[in-house]
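Heads up: the structure comes next, in structure tokens.
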Amino acid sequence: MPTIVVLGAGVSGLTCALQLAKRNEHAVTVVAKHMPGDYDIEYTSPWAGANVLPMALEENSRWERRSWPELRRLAIEVPESGIHLQKARVLRRIKEEEAAFRGPLSDGLFVPDPWYKTMMDDFRELDASELPEGIRSGCEFGSVCINTVVYLPWLVGQCAARGVVFKRATLKHISEAASMSHTGRKADIVVNASGLQACRLGGVMDATVQPARGQTVLVRNEASPHMMVLSGCDDGDDEMVYTMARGVGGGTILGGTYQKGNWEANPDPNVAVRIMKRAIEVHPALTGGKGIEALDIIRHGVGLRPVRAGGVRLEEEVIDGTCVIHNYGHAGWGYQGSYGCAEGVLELIDGALAAKPKSKL
Ligand code: FAD
């Protein structure tokens, strides 16, 4: 049985481990400094909203395309995963439309006539009568919201039930992972799902990876019936407006920011006030028309999205004699691309194992 060590227990590492474990053909160990249940600035996954709002342009859409069917299935068939169906509204402001979609949000999500209109459920353009003030156009579609507090431990449970063994460790160098399999054997393959820390991990030290800081406010107030995201806001290019309601009692996430190169772990109180003000402007029902004082706050959050200049790194490299499959740099789409990327990792693993003499396995 080939021996595989997955470094990282964020959504990227856990999804790879689960998809490997489902095959029942590998001995899989997950090694991580942080695990579900931890809240740490070095660990991005728990801080995400998270939802599915396709961001890639059509030519780069494989990871999101290949993830959506499984996330949708989980929402419909597996409620204990913490994923539930929710309508999403994407609103294009007059200001960004006039600026020809410049700025950090000039991605696949906001382009008119997007590729994902045939993928997401019940896609439709909004009627002018449904548009709030300042909005030129928008669309609505069926999507999902992922309650990360429930989903990440669910992934751990699914892995454990299939024989994956978890170990806590802080690695200085990626090559240390090869000797950490629970089998005692040297790993045939190491999957590097170290997220933002890929820029600090020995043997990887990817200088093109940097944070895009996301600050959020989690509240008990409800903003149903739909999630919402705007193409921009008046408080600066690195601030955003979005809301989503987490299932199974997870509260409502109000976002946010997208501050590139900013490592600050503490929530900025001024930013928090701006986030809350913007949220009740687009969703007055959150406070029944009252001010932000009527928001019932559960937690302020800060997470660092792992942005890589050239996009996600999904490739093979031999480091100190061990085959390493990299899977990091998912920026703001780590959940919505998780199953597609895991599929890509499994393909690379199959190729690497096929190239290895059987006597070496
Ligand atoms: P991480 O979650 O950071 O996990 C890295 C793992 O590697 C951890 O277990 C860590 O301990 C381990 N590790 C790293 N270095 C070492 C080491 N040296 N030794 C041992 N272990 C190590 N995505 C979406 O799809 N939809 C959304 O709506 C969404 N919203 C977001 C909102 C916010 C505010 C933020 C911050 C992010 C959002 N994202 C969203 C993005 C998503 O959260 C990330 O892309 C994803 O969590 C990255 O996961 P990861 O597993 O690659 O990294």
Side-chain angles (χ1 to χ4, degrees), residues 5-17 30-56 63-64 67-68 71 83 88 109 143-148 151-152 155-156 166-174 176-177 180 191-205 209 211-218 227 229 240 242-244 246 253-259 262 267 275 300-308 312-314 326-342:
V5 171
V6 177
L7 171 61
V11 68
S12 308
L14 292 175
T15 312
C16 289
V30 174
V31 177
K33 181 176 179 185
H34 305 96
M35 288 281 298
D38 298 347
Y39 282 91
D40 193 291
I41 197 63
E42 290 181 9
Y43 184 33
T44 307
S45 294
W47 300 110
N51 62 14
V52 175
L53 297 176
M55 289 174 190
W63 314 126
E64 292 176 338
S67 300
W68 172 243
L71 293 168
I83 303 182
L109 181 62
S143 181
V144 297
C145 181
I146 303 162
N147 182 348
T148 60
Y151 182 59
L152 293 171
L155 284 175
V156 172
F166 287 85
K167 286 188 177 183
R168 287 265 195 172
T170 304
L171 275 56
K172 287 201 164 53
H173 197 282
I174 184 78
E176 294 167 42
M180 298 198 72
V191 176
N192 171 24
S194 55
L196 180 61
Q197 299 309 311
C199 70
R200 293 172 170 162
L201 178 63
V204 183
M205 292 285 197
V209 175
R213 181 179 177 278
Q215 183 168 330
T216 56
V217 185
L218 180 64
M227 309 184 270
V229 60
M240 315 162 69
Y242 62 85
T243 63
M244 66 186 89
R246 286 174 165 179
I253 288 275
L254 314 179
T257 62
Y258 197 95
Q259 300 167 313
N262 187 336
I275 288 173
H300 293 275
V302 175
L304 303 179
R305 302 174 184 89
V307 177
R308 185 165 178 271
V312 67
R313 186 174 185 199
L314 224 168
H326 297 290
N327 180 26
Y328 65 83
H330 303 84
W333 55 273
Y335 283 84
Q336 64 195 36
S338 55
Y339 286 94
C341 287

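All values below were derived from every heavy atom in this structure, side-chain atoms included, with hydrogens, water molecules and symmetry-related copies excluded. Counting convention: from 1, in listed order, for ligands and their atoms alike.
Applying the 4.0 Å criterion to heavy atoms of Leu171 picks out, from ligand 1, the atoms 17 (C), 18 (N), 19 (N), 20 (C). Short contacts between ligand 1 and Ala193, defined as distances under 4.0 Å to a heavy atom of the residue, involve ligand atoms 5 (C), 6 (C), 7 (O). Atoms of ligand 1 lying under 4.0 Å from any heavy atom of Trp47, numbered from 1 in the order shown and given with element: 33 (C), 34 (C). In summary, the atoms of ligand 1 found under 4.0 Å from a heavy atom of Gly195, numbered by their order in the structure, are 52 (O), 53 (O). Residue-ligand proximity, Gly303 to ligand 1, at heavy-atom distances under 4.0 Å covers atoms 36 (C). Residue Gln197 has at least one heavy-atom neighbour below 4.0 Å for each of these atoms of ligand 1: 14 (C), 15 (N). Ligand-side atoms of ligand 1 in range of His330: 45 (O), 52 (O), range being under 4.0 angstrom from any heavy atom. Proximity to Gly49 (heavy-atom distance under 4.0 Å) selects the following atoms of ligand 1: 30 (N), 31 (C), 32 (C).
Asp38 meets the salt bridge (charged side-chain N to carboxylate O under 4.0 Å, His left out) test with Arg168; sequence neighbours excluded. Applying the side-chain contact (heavy atoms from CB on, under 4.5 Å) rule to Pro46 yields the partners Tyr39, Tyr43, Leu152; only residues at least two apart in sequence or on another chain are considered.
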Check: Between Tyr242 and Leu53, does a side-chain contact (heavy atoms from CB on, under 4.5 Å) hold up when you go through it step by step?
Finding: CA-CA 11 Å; Tyr242 62 85; Leu53 297 176; 5.9 Å; no

Notebook entry, point to check: For Thr148 and Trp47, what are the C-alpha separation, side-chain angles and deciding distance, and is it a side-chain contact (heavy atoms from CB on, under 4.5 Å)?
Noted result: CA-CA 8 Å; Thr148 60; Trp47 300 110; over 6 Å; no

Notebook entry, point to check: Does the side-chain contact (heavy atoms from CB on, under 4.5 Å) test come out yes or no for Ser45 and Tyr335, once each step is laid out?
Noted result: CA-CA 8 Å; Ser45 294; Tyr335 283 84; 3.4 Å; yes

Notebook entry, point to check: Going through the distances and angles, do Leu218 and Arg246 end up as a side-chain contact (heavy atoms from CB on, under 4.5 Å)?
Noted result: CA-CA 10 Å; Leu218 180 64; Arg246 286 174 165 179; 4.0 Å; yes

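One option in Ala9, Gly214, Ala48 has a heavy atom closer to atom 39 (N) of ligand 1 than any other, and that option is Ala48. The closest non-hydrogen atom to atom 48 (C) of ligand 1, taken over Gly10, Gly337, Pro306, Gly329, comes from Pro306.
Looking at heavy atoms from C-beta onward, Leu171 lies in side-chain contact with Met180 at the 4.5 angstrom threshold. Between Ile275 and Thr216 the shortest side-chain heavy-atom distance does not fall below 4.5 Å. The side-chain heavy atoms of Val204 and Ser194, taken from C-beta on, include no pair separated by under 4.5 Å. Residues Leu201 and Asn192 meet the side-chain proximity criterion, which asks for heavy atoms closer than 4.5 Å. Under the 4.5 Å side-chain criterion, counting only non-hydrogen atoms from C-beta, Ser67 is not in contact with Thr15. Taking the side chain as every heavy atom from C-beta outward, Val307 and Tyr258 approach each other to under 4.5 Å.
The shortest N/O to N/O separation between Arg305 and ligand 1 does not fall below 3.5 Å. Between Gln215 and ligand 1, no N or O atom pair is found at a separation short of 3.5 Å. Residue Ala50 has no nitrogen or oxygen atom sitting less than 3.5 Å from a nitrogen or oxygen atom of ligand 1, judged on distance alone. Residue Leu304 places no N or O, backbone or side chain, under 3.5 Å from any N or O of ligand 1.
Ser12 places no side-chain N or O within donor-acceptor distance of the main-chain N or O of Gly334, the cut-off being under 3.5 Å. Using modelled atom types, one side-chain atom of Glu64 and one backbone atom of Met55 make a donor-acceptor pair closer than 3.5 Å.
Taking atom 12 (C) of ligand 1 as the reference point, the nearest protein heavy-atom neighbour is Gly8 CA, 3.7 Å. Atom 20 (C) of ligand 1 has Ala169 O, 3.1 Å as its closest protein atom, hydrogens excluded (heavy atom only). Among all protein heavy atoms, the one lying closest to atom 2 (O) of ligand 1 is Ser45 OG, 2.5 Å. Taking atom 51 (O) of ligand 1 as the reference point, the nearest protein heavy-atom neighbour is Ser12 N, 3.0 Å. When only non-hydrogen protein atoms are considered, atom 40 (C) of ligand 1 lies nearest to Gly332 O, 3.2 Å. Nearest protein heavy-atom contact of atom 10 (C) of ligand 1 is His34 ND1, 3.7 Å. Looking at atom 44 (C) of ligand 1, its nearest protein heavy atom turns out to be Ala331 O, 3.5 Å. Nearest protein heavy-atom neighbour of atom 21 (N) of ligand 1: Lys33 N, 3.0 Å.
When non-hydrogen atoms are compared, ligand 1 lies under 4.0 Å from the backbone of Asn51 as well as from its side chain. Looking at Leu7 against ligand 1, only its side chain comes within 4.0 Å, counting heavy atoms.
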